[in-house]
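Every chain is numbered from 1, with letters handed out A, B, ... down the list of sequences.
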Amino acid sequence: MDYSNNALLTIGTFLPLVGVLIMMFIPGSDERAHKQIAIITSGATLAVGIYTLIQFDYGNSATLQFAVNEEWIEVIKSNYIIGLDGISLPLYVLSMAVTFLVAVYTWNNVPDAGNPKAFLMLMLVLQVGMAGSFIAQDLILFFVFFELVLLPMYFMIGVWGGEDRQYASLKFFLYTMFGSALMLVAFLALFFQTGAESFSFEHLMAAGALIDHDVQVWIFAGMFIGFAVKVPMFPFHTWLPDAHTQAPTQGSVILAAILLKLGTYGFVRIALPMLPQGAHEWAPVIGILAVIGIIYGALGCLAQTDMKRLIAFSSVAHMGFVMLGISTLTTFGINAALFGMVAHGLITGMLFFVAGSIKHRYHTLEIKRLSGLLIQMPKMGWILGFAAMASLGLPGLAGFWGEFPVILAAYSPAFGVNEALFRTLMVIAAMGTVLAAGYLLWLFQRTAMGDPNPEFVSHDEPAQSLSAAANHGADADHHDEIHDVTIVEWIAWMPFLVAIVVFGVYPQLMFKVMDPAVIQLVERVGNGIP
Amino acid sequence: MNALLLAADVNVAQNIGFYIIAAIMLYAAFSVVSTKNVVHAALWLVVVLGGVAAQYILAAAEFVAVSQVMVYIGAVMVLFLFGIMLTRASIGADTDVNNKDWKLGIPVGLVFFGVLVYTVVDAFEGTVIVEPSAAQIASSTTLISDGYLGDYLIPLIALSFVLLAAAVGAIVLARKD
Amino acid sequence: MLLAAQETAAAGWFLENAWLIPLIPFVAFFVILLFGKKMPRGGSEVGIASMVAALVVAAGAAYQWIDRVDSSHGEEVEPVIRQWVWWQSGGTRFGIGEHIDGLAIVVLLLVAFISTLVQIYSTEYVKGDRRYTHYFASITLFSAGMLIMVLAPNMVQLILGWEIMGLTSFLLIGHWWEEKANSEAALKAFWTVRVGDVGLLVGTAVLLGIFGTLDIKGINDSAAAGQFGSHNALMWAAIALFIACIGKSGQFPLHTWLPDAMAGPTPVSSLLHSSTMVVAGVYLVARLYPVFHVGLEINAVGQTFNLIAVIGGITVIVAAALAFVQNDIKKVLAYSTVSQLGYMMMGLGVGAWTASVFHIFTHAFFKCCLFLAAGSISYTASHHSFDMKKDMGGLWKKMPITFGAWMVSTAALAGIPFFSGFFSKDEIIDSAKHADYTIFYLVGIVGAFMTIAYMTRATYLVFFGTPRGGAAHFMGVEHGLEHRDDHAHETLGHDDHSDDHADQSDHGHDDHPEPVRGRPFPFAKYDSPWKITAPLLILGTLAVGSGYLNAPAVGVHWFEHQTESSIGLPLAEHEADGDNAEQVSSEHAVDESVGAEDVGAAEHAADSAIYSVPEPPKFAWGAAAPGLLLVLAGFLVSLFLSLAVFGKRKNVLSPLVGITERNKLFGAGHRFLVNKLYLDHLYEKVIVHGVAYPVSKAAYWFNQNIIDGVVDGAGRSTKRTGEWVYRNIDQRLVDGAVNASGMVANESGHALQPVQSGKVNHYGALLFGAAAVGAIVLILLNV
Amino acid sequence: MYAVNFLLLSAALFSIGVFGVIARRNAVMVLMSIELILNSVNLNLVAFALINKDIDGHIFALFVIAVAAAEVGVGLGMVLMIYRNRRSIALDELSEMHG
């Protein structure tokens with residue numbers, strides 16, 4: 001492989017630490033300065049990311065670019081190998097964009113616990129971990145970044161979360177730690193089984209396929225649990241609703257947009273190509289669990305009374321589609337899974353933003369108590385409707401491209417995986433889209449349509465009035481918090497909205513980048529299966 | 001003395017020496033954990049430590065043996081005695097020197113011993129130690145110093161920091177403010 | 001980047017650039033959404049302009065297509081296909097672009113034209129609406145979606161357009177979402193259609209699996225040539241896709257959403273839920289006809305029924321029966337739409353491709369016209385009410401344009417000769433008989449009987465008899481008898497009374513301030529404003545005229561000639577036995593209107609091809625006679641029924657006057673008039689209360705409680721299942737397991753608390769004990 | 001000479017030390033027991049050095065001696081402080097770590 005030892009990725013990944021260092025020396029009382037620094041740092045990181053986008057050689061997206069290979073921990077034969085290809089590029093840049101936009105959103109939406117200094121510092125550290133995970137090409141390096149993500153998120157939930165934050169954060173932490181432990185064991189087993197020569201992906205992909213079939217299956221099992229907890233797949237998903245519900249808005253957005261993708265990315269990048277036979281054996285299991293997740297998540301959504309929890313459950317369903325795509329082992333499925341990861345990040349991130357802003361205004365997310373958002377906050381209401389539509393997989397918006405090709409792929413899974421099973425799964429998954437429409441539109445109907453709840457209508461205006469209740473400036477009670485989308489929110493959300501439309505209308509933008517890399521990956525898996 | 005002991009034909013003597021010393025050590029060790037008098041316990045400990053030093057010599061590790069004598073018997077024991085003095089332990093026998101449920105230690109110790117014996121016998125049964133030559137023994141000190149200033153230099157420095165920290169810490173703890 | 005080198009040379013600018021047709025309204029949608037509110041006319045001008053532009057391009061394309069067909073001299077006419085890369089996977093690229101042929105041209109023109117008219121109509125109808133701009137944005141987006149679907153060169157683009165239509169249907173049905181009933185109707189429509197869409201997704205996946213491509217042309221060609229792996233797979237693909245059509249086109253048993261969808265504004269009903277969107281399912285079947293034809297073995301020897309025909313036939317009868325008991329004028333029309341869609345499906349199911357597509361075409365005009373007329377009535381005469389029994393009656397005198405358009409369209413719908421519906425519907429019925437689908441022939445003529453029956457009833461209730469409720473008010477004002485100062489006055493007078501709208505609030509969606517109304521045409525000064533009546537005039541004209549594009553009765557086969565290349569299968573004489581074949585072949589010899597070369601070519605193609613559809617039967621009055629007689633019978637029965645049932649109630653004289661007039665007009669015998677009370681008694685007590693009433697009531701009950709109940713129940717039980725699963729499985733079992741482990745840890749923590757004594761010795765004991773145990777375990781493991 | 005000799009002796013010393021740690025009440029005596037354990041370890045290290053003909057065992061033994069010295073220093077310092085504060089060095093009276 002050609003290691004150009006280009007510093008671009010290293011800069012892009014570690015730049016947020018510069019901001020963290022600067023913030024460390026500024027007293028916490030100067031909140032404005034902290035917000036500014038966080039925005040500037042994450043903005044600069046994003047700029048580097050965009051520069052990376054420009055410099056990326058799209059004709060050659062199957063090979064690693066900007067690759068670096070430096071000695072790191074020689075004792076355990078782990079090197080600092082990083083690189084970017086078509087699979088990781090979208091996620092890498094997405095993580096930067098999301099962090100930047102979340103930082104912008106924080107400008108006047110600091111969670112209740114206060115202390116933006118610590119909050120933003122954690123967020124920047126989180127960004128390092130996320131970006132690093134997507135560029136790492138060495139198992140140990142990957143693991144370090146993967147785990148680096150855990151702590152900031154733990155604190156974000158545990159300190160700035162809702163009433164039940166302690167429980168939620170601990171559950172999140174322990175659950176993921178449990179997964180990581182098994183994952184690490186699997187990594188080490190892989191390392192030793194391949195002759196303990198190197199942790200680099202390249203080596204392991206070449207050597208991993210030669211491991212004995214049964215051993216592959218066992219190692220895959222370890223990785224499966226590790227990644228599946230992160231995804232999260234049914235039945236390892238129970239940490240997610242709690243974590244999402246309790247997390248501050250920013251935490252939820254990052255969690256949904258990027259963190260969950262680490263698990264699926266791990267499957268695509270590590271588990272599949274390194275253990276082709278293991279993947280082959282496990283594919284039906286993954287497929288079944290994924291489809292159970294789709295239906296189950298949807299049913300869970302239907303039962304929710306809390307908006308944020310509903311969105312969290314919908315993540316289970318959507319990630320089910322992603323995993324179903326991966327389990328087909330086809331280019332269609334994996335492409336769609338990768339697309340679905342980005343799309344789900346954008347859409348669910350957007351939904352969490354909206355939920356956060358609603359909570360900020362109404363101090364509740366009880367679906368029963370919310371009503372008539374379209375009257376009180378027409379723009380917010382329509383954004384919710386838009387995101388709901390995108391989430392249920394309407395063609396022309398990004399979500400569709402994460403679901404539809406999966407269904408196409410499931411009709412004919414690759415490498416002799418049980419066809420009858422996957423066709424059944426395909427039909428059930430397609431039914432999942434109906435349920436998705438069900439819970440999302442039902443949510444929209446109950447919260448956005450109808451007349452506003454009298455509880456939240458100003459006294460000077462009769463509750464049954466249908467004229468737009470936008471003018472609340474006059475009265476000084478708590479209802480004047482109910483205003484439509486603010487400037488800061490627009491700035492933070494607009495890129496999400498635009499991206500959802502742009503990727504939905506012209507998906508080739510992303511498919512073109514991913515496809516060659518995915519083809520190579522599937523070939524590699526195919527070669528490893530006798 | 002070394003040369004005498006290391007001669008092949010005095011292996012028996014060496015064995016006899018080992019067993020005698022070992023017996024003394026074990027008796028002393030039991031006394032350490034069973035006597036009711038703190039000062040006596042400390043003194044029995046000196047016997048054990050001395051025995052260990054002797055065993056070192058039998059095992060062809062004189063440098064370690066010398067260090068053992070200097071550090072343990074010379075320094076540590078003095079510390080212990082000072083400690084006993086400063087905490088005003090009675091010089092005579094104490095009534096309740098053991099815990100209420102000290103008997104717990106017996107099964108634990110026995111189980112431990114059993115496990116260790118099994119493991120050791122399982123692993124090393126029949127292994128005969130080839131006695132090192134005189135030259136090897138002579139050069140062992142050199143090798144130790146090479147090791148310290150070569151491969152183990154960084155741990156050595158780290159250890160010196162530990163010692164320094166311990167010294168400072170002990171002073172801080174023991175100061176009367 | 002062009003997907004592949006496609007043959008587009010010399011097809012003409014409009015055909016090559018037909019992709020502009022959907023793009024223009026699509027762009028207009030964003031313009032309206034972003035800037036509409038700031039425009040002087042709230043964005044409606046952009047919508048109308050975009051539709052006119054699309055119409056111009058579509059018309060150009062149609063012109064060039066006709067040219068293309070005419071210059072082909074009987075050879076196979078290739079569709080014009082252009083695709084640009086849209087997405088790719090596994091190296092395979094999928095396109096977005098255009099696939100334009102006769103079928104696409106027909107529907108394109110239809111959609112662009114009707115959308116234009118409806119948008120013009122809407123500028124008056126929803127004037128002053130709080131979400132005027134949203135309304136026009138949505139309806140423009142709808143047109144874009146439909147056009148995208150119609151032009152689709154591959155399944156993915158088709159799905160794109162299909163779902164955009166679903167979205168806009170949701171938005172427009174729920175346009176007045178402040179009322180729960182409206183938003184629920186919108187949700188119901190979306191969900192029901194979405195249930196069908198499962199079939200669309202699955203069917204598409206199966207098609208990709210079978211053919212390895214999603215291009216419609218590729219699929220059709222391979223299916224027609226028999227190049228598919230197993231027939232079974234193709235059958236499943238066809239069934240799955242047809243489920244989508246059932247949902248979208250309101251076929252039995254998923255039709256229940258369509259009547260509920262009438263909660264939307266009337267122009268929306270007329271555009272989406274009668275003339276264009278709901279035919280998308282029929283269009284899909286027509287578009288992929290080889291798949292359905294081969295997959296479901298339509299026209300196979302000895303086949304007496306198939307899925308499409310059965311579903312279509314049931315829909316025809318059930319919906320027509322339901323239309324009979326509606327009091328809401330829009331619901332009558334909605335069930336009528338469902339019934340007519342059933343005709344189209346049934347036609348496709350018996351191999352009458354041309355007739356069905358032609359029925360899409362004619363039905364769009366007259367049904368849209370009927371809805372717009374209903375809107376006109378509610379807008380002007382009945383205080384925004386759609387209740388025929390409470391707020392209408394006797395309106396024919398005051399609303400000549402609306403009345404005329406309604407009557408013409410009703411005649412077309414009923415299939416009265418020389419109106420457009422006759423040519424299309426009769427051909428469907430005729431084809432069913434011709435292709436030996438006797439059951440469906442009977443269904444067809446019984447459906448025709450019912451159609452005219454319910455339409456006569458509705459017409460009577462709306463335009464004749466005594467004015468009631470809102471209509472009485474409206475009529476009364478004309479005579480100068482009462483209430484000069486209220487809303488009805490304002491409806492007529494042109495002076496401003498915009499300050500008093502208090503009386504409107506009881507009608508739900510029109511709580512917003514009523515705008516100043518536009519002016520009506522001078523020759524019908526009490527009728528609706530011209531923006532409403534002008535579309536009615538145009539559509540009414542087309543309800544008569546459009547039929548003559550393909551009127552076998554008068555020897556016109558022009559439409560068939562233009563579209564036959566879109567079938568995807570060659571035409572062939574159906575190998576019927578007995579009299580039928582003889583009759584047909586003799587007609588063949590007589591009728592020279594189809595060129596001898598065409599017949600030869602078709603027969604030649606039929607010899608070489610594996611699959612083929614039967615050529616449309618030759619028209620004969622004799623064959624049409626039973627149907628026509630039933631239509632007449634239906635009219636008479638229903639007329640007297642209506643007179644008897646509805647006319648009697650108001651007073652003794654008016655029904656008598658009314659009956660004599662009608663009977664003179666249509667030259668019916670006086671005997672019925674004399675025996676009016678007998679008939680009244682007979683029909684009302686025996687037929688209505690004894691048979692028709694219970695049956696249709698039962699059907700309606702079945703519909704509302706069983707089918708709809710199943711739909712609602714499915715929703716409710718799904719939700720309950722969700723709750724149950726969440727409560728019991730998620731929270732108890734899965735989460736419970738997690739929490740249990742926590743609890744075990746906690747409990748054992750309590751149990752072990754004494755161990756945690758804080759005494760160093762205990763810790764030591766534990767430490768070493770545990771180490772020892774651990775060592776033992778290790779030893780045991782290694783032994 | 002058998003390797004087992006040294007190892008068994010060291011095992012015995014270790015177990016005695018363990019017993020002492022558990023049984024003793026006086027903090028100083030617990031420290032002494034710990035010294036016993038450490039010495040048994042050292043004896044093991046030296047024996048292994050002899051068996052394997054490798055000088056590293058000696059080096060580690062010396063490390064352990066050094067660390068043990070430090071440990072005793074700090075440990076006794078702590079005992080002194082505890083004594084000053086509580087006038088007792090009986091371990092079972094110290095239960096601030098009570099869970």
Side-chain angles (χ1 to χ4, degrees), chain B residues 11 14-15 18 22 26 29-30 32-33 38 41 45 48-49 52 55-56 59-61 63-64 67-68 71 75-76 79-80 83-84 86-87 96-99 102 104-106 108-109 112-113 116-117 120-121 124-125 127-129 140 143-144 147-148 152 159 162-163 166-167 169-170 173-174, chain D residues 1-9 11-26 28-29 31-33 35-36 39 42-43 46-47 49-51 53 55-59 61-63 65-74 76-81 83-84 89 91-92:
Chain B
N11 254 349
Q14 193 191 13
N15 267 339
F18 173 82
L26 287 176
F30 272 116
V32 169
V33 296
V38 189
L45 185 62
V48 179
L49 297 179
V52 171
Q55 297 289 19
Y56 287 161
F63 188 76
V64 184
S67 307
Q68 169 88 356
V71 176
V76 173
L79 268 181
F80 268 116
I84 292 163
L86 289 173
T87 54
D96 48 355
V97 79
N98 277 359
N99 276 316
W102 62 273
L104 196 63
I106 297 170
V108 174
F112 232 100
F113 186 66
L116 285 173
V117 168
V120 163
V121 171
F124 292 99
E125 194 176 17
T127 309
V128 180
I129 297 172
S140 70
L143 287 173
I144 290 173
Y148 272 125
Y152 296 95
L159 183 71
V162 170
L163 282 174
L173 285 173
Chain D
M1 173 141 189
Y2 294 107
V4 210
N5 292 354
F6 284 112
L7 300 178
L8 286 181
L9 172 63
L13 280 182
F14 192 97
S15 303
I16 294 166
V18 166
F19 169 77
V21 167
I22 296 171
R24 289 311 211 178
R25 185 164 172 264
N26 188 320
V28 177
M29 285 173 133
L31 278 178
M32 288 182 198
S33 306
E35 289 306 316
L36 274 181
N39 269 284
N42 266 355
L43 198 56
V46 169
L50 192 62
I51 296 166
K53 301 197 179 45
I55 207 71
D56 284 356
H58 295 187
I59 293 173
L62 287 164
F63 272 132
I65 291 173
V67 173
E71 176 248 323
V72 170
V74 176
L76 281 173
M78 286 164 69
V79 170
L80 275 183
M81 203 175 70
Y83 179 75
R84 269 211 297 280
I89 51 170
L91 286 177
D92 53 4

Could you have a look at Val18(D), Leu50(D), Leu13(D) and say which one has the most heavy-atom pairs with chain B under 4.5 angstrom? Leu50(D)
Is there side-chain contact between Leu80(D) and Leu173(B), with at least one heavy-atom pair below 4.5 Å? no
Which answer fits Ala75(B), side chain, backbone, both or neither, if we ask what part of it has an atom under 4.5 Å from a heavy atom of chain D? neither
Using non-hydrogen atoms and a 4.5 Å limit, figure out which bit of Val32(B) sits close to chain D: side chain, backbone, both or neither. both
What part of Leu76(D) gets closer than 4.5 Å to chain B, counting heavy atoms only: side chain, backbone, both or neither? side chain
Please look at Leu79(B) and chain D and tell me whether the side chain, the backbone, both or neither of the residue comes under 4.5 angstrom of a heavy atom of that chain. both
Checking heavy atoms, do the side chain of Ala3(D), its backbone, both or neither come under 4.5 Å from chain B? both
Could I get the full list of side-chain hydrogen bond (donor to acceptor under 3.5 Å, both in side chains) partners for Asn39(D), not counting sequence neighbours? Gln68(B)
Is the gap between the ring centers of Phe30(B) and Phe19(D) under 6.0 Å? no
Honestly, the part of Val71(B) sitting under 4.5 Å from a heavy atom of chain D is side chain
Please examine the side chains of Val64(B) and Asn42(D), heavy atoms only from C-beta on, and report whether any two atoms are closer than 4.5 Å. no
Please classify the contact between Met78(D) and chain B as side chain, backbone, both or neither, with a heavy-atom cut-off of under 4.5 Å. both
Against chain B, work out which of Val72(D), Leu7(D), Val74(D), Ile59(D) has the most heavy-atom pairs shorter than 4.5 Å and name it. Ile59(D)
Interchain contact, Phe124(B) with chain D, by part (heavy-atom threshold 4.5 Å): both
Side chain, backbone, both or neither of Leu45(B) within contact of chain D (heavy atoms, under 4.5 Å): side chain
Among the listed options Ile51(D), Val79(D), Val67(D), Ile65(D), the residue most often paired with chain B at heavy-atom distances under 4.5 Å: Ile65(D)
Which residues pass the side-chain hydrogen bond (donor to acceptor under 3.5 Å, both in side chains) test with Glu35(D), sequence neighbours left out? Tyr72(B)
Is Phe63(D) close to chain B through its backbone or its side chain, or both, or neither, when contacts mean heavy atoms under 4.5 Å? both
